[in-house]
Amino acid sequence: MIIDPVTWARQGAELLPGKVRLIDQTLLPRELTYVELDDLEEIRDAICRLVVRGAPAIGCAAAFGLAAVCQHSNASSATAFLAEAAQTGARLASARPTAVNLRWAVERCLGAVRAAGAPQTPATLKQALILEAVAIYEEDLELCRAIGQHGLALFGGRSELSVITHCNAGGLATSGYGTALAPIYAAQEAGLSPRVYADETRPLLQGARLTAWELDRAGVEVTVICDNMAAALLRQESVGFAIVGADRIAANGDTANKIGTYGLAVLARHHGVPFYVAAPYSTVDADLADGNGIPIEQRAADEIRRGFGVLTAPAQVKAWNPAFDVTPAELIAGIVTEMGILRPPFTESIRRFLDSGPRG
Ligand code: MRU
C-alpha cells in the first residue's frame, strides 16, 4: 500500500471496539497527522471539511464511520438497531452530494446488515456492519490495483512518458493506491519512469498539496502547474495523455470530477492529447442517463475569497464555487476500470462492464 488515508483502528484483538482513522488531508503537505473518530457529527464534519476526500475514500470513511458510530448503539432489538443505523447512514450520506461512492457505501453496509443471518441481535448486527466496511475497504484496494494494471497499457512501454492529471485521484483519495494515479504507480513498479504534471487545482489545491506530495513521496517525478498553465503546457511540451479520477459517471459516460476537469478535457481535445478517466464500478451511477442529473456540490465562497485564511478577493464580492464539473462523454477517450479500458460508445461499454461480474 502506498498510503493509508482511511483505515480501521481497532482497540484490541477484535474488530470491535474501534474507530475510523483518517489522515487529516487539510494539513498536508505541512504535516502528516491522523485523527481517530467514532462520533457521528465529527465523522460527517471530517467528510464535509475534506479531512478525508476523494470518492472511494469518502465511501470507505462512511462505511467505517457507520460501524464506529453504531457500535455505541443501546438499541434493545435488531429492529431498533436497524432503524438507528439507517438514520446514521442517511446523515453520513448527506455530507457531500456529488461522489456517488458515499451513498453507495452506506447503502451497501445497510443492505448487508439487513441481510445478516440469524440470530439478528444488536451485537451480531454491529459485527456485520464492521465486516462489510472492511470488505468495502479491501475490495477498493483490489479494484485500484486492477485499474493500475489495465491503465499501464496507456504507457505502451514508453519510459519517461509525461502525463497530466487534475486534482488528487491517488492513494489519498482511495483506500491507498489511487485510480488516476494507479497506472502511474503501476508504470513505476514495471520499471518505467513516468513524469507527471499536476494541475494545482484551485481553490483547495488538491493537486499541489496532495498529488504532488504523494507522487514525490513515492519517488515519481512530478511538476506542479497552476491550472491556467495547462493550455500552454499542452501546446509546448510533449504530453502522452491526460488522466483524472471521477466522482460519478453517468450511464452514457458523462463524468463529474473536480472543477476544472472539463476545461482540461477541452484543452486535451484541442491539442490531440487523449483524455482518460479512471474509476471503479462503485463510481458509476447507472440510474442517471447522462451528466445533467449529477448533483454538483456548491462550497463556501470564502474558499475563493479567503483561500487558506488569506484575503485573496474583496471580502464583500460574490464568488461562485462549484466543487465539480461534468465532462461530456464525447471528450473522453476511455474509462480505465478494474475490468479493462472502456471505449466509446460508453452507453454500451458501461452496460457490459456493469453486467460483467459479481462485485460488492
Ligand atoms: O473535493 P474532493 O477533493 O473530494 O474531489 C476529489 C476529486 O474530484 C477526485 O478526482 C475524485 O473524487 C476521484 S478520487 C479517486
Side-chain angles (χ1 to χ4, degrees), residues 2-3 5-6 22-26 28 46-62 95-105 137 140-141 143-148 151 164-185 198-215 227 242-249 255-265 275-285 294-300 303-304 321-327 332 335-338:
I2 303 278
I3 188 79
V6 45
L22 305 171
I23 291 180
D24 185 344
Q25 299 189 34
T26 67
L28 286 172
I47 296 172
C48 292
R49 288 194 304 109
L50 314 195
V51 168
V52 59
R53 31 68 50 206
I58 60 176
C60 291
R96 298 190 75 191
T98 303
V100 74
N101 305 60
L102 180 57
R103 187 190 78 196
W104 168 87
Y137 168 82
D140 189 66
L141 277 176
L143 296 173
C144 290
R145 288 272 176 197
I147 288 171
I164 185 166
T165 190
H166 188 75
C167 192
N168 173 263
L172 286 167
T174 62
S175 51
Y177 192 71
T179 55
L181 298 193
I184 291 155
Y185 290 131
D199 283 355
E200 66 173 353
T201 315
R202 284 273 290 147
L204 295 181
L205 306 186
Q206 288 94 329
R209 293 190 303 106
L210 308 177
T211 295
W213 179 81
E214 69 164 86
L215 288 175
D227 297 341
I243 188 161
V244 299
D247 286 86
R248 196 185 295 226
I249 300 174
T255 295
N257 191 50
K258 178 53 55 192
I259 189 75
T261 300
Y262 174 33
L264 180 62
F275 182 89
Y276 290 94
V277 169
Y281 79 98
S282 49
T283 303
V284 179
D285 185 351
I294 300 178
I296 300 294
E297 176 183 4
Q298 292 287 330
R299 292 189 63 89
E303 287 182 351
I304 294 176
N321 189 15
F324 301 96
D325 58 26
V326 176
T327 299
I332 300 170
I335 302 175
V336 187
T337 72
E338 69 275 14

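In listed order, ligands and their atoms are each counted from 1. Just so you know, residue 1 is the first one in the sequence shown, and it goes up from there.
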Let's go through Asn101 and Ser282 carefully: what are the C-alpha distance in whole Å and the side-chain angles of both, what is the deciding distance for side chain to side chain donor-acceptor pair (under 3.5 Å) to 0.1 Å, and is it a yes or a no?
CA-CA 6 Å; Asn101 305 60; Ser282 49; 3.3 Å; yes

Hey, is Glu297 close enough to Arg299 for a salt bridge, meaning N to O under 4.0 Å?
yes

Salt bridge or not for Arg202 and Asp227, using N-O below 4.0 Å?
no

Among Arg248, Arg96, Gln25, Glu297, which residue places a heavy atom closest to atom 4 (O) of ligand 1?
Arg96

Of His166, Lys258, Arg299, Arg53, the one whose closest heavy atom lies nearest atom 1 (O) of ligand 1 is Lys258

With heavy atoms of Gln206 as the reference, note each atom of ligand 1 found under 4.0 Å away.
1 (O), 2 (P), 3 (O)

Counting distance only, does the side-chain N/O of Thr165 pair as donor-acceptor with the main-chain N or O of Ile243 below 3.5 Å?
yes

Flag, side chain of Thr283 to backbone of Tyr281, donor-acceptor distance under 3.5 Å:
no

Return the residue, atom name and 0.1 Å-rounded distance of the protein heavy atom closest to [atom].
atom: atom 11 (C) of ligand 1; value: Asp247 OD1, 3.2 Å
atom: atom 9 (C) of ligand 1; value: Asn257 OD1, 3.3 Å
atom: atom 15 (C) of ligand 1; value: Thr179 OG1, 3.0 Å
atom: atom 14 (S) of ligand 1; value: Ala173 CB, 3.4 Å

Heavy atom of Asn168 under 4.0 Å from ligand 1?
yes

Sub-4.0 Å heavy-atom contact, Pro56 with ligand 1
yes

Compute the shortest N/O to N/O distance between Leu50 and ligand 1 and return yes if it is under 3.5 Å, no if not.
no

So, regarding Cys167 and ligand 1 (criterion: nitrogen or oxygen to nitrogen or oxygen, under 3.5 Å), is there a contact or not?
no

Steps toward side-chain contact (heavy atoms from CB on, under 4.5 Å) verdict (Thr255, Arg248):
CA-CA 6 Å; Thr255 295; Arg248 196 185 295 226; over 6 Å; no

From CZ (Phe324) to CG (Asn257), nearest 0.5 Å:
7.5 Å

Could you state the interatomic distance from CG (Leu28) to OG1 (Thr211), rounded to the nearest 0.5 Å?
11.0 Å

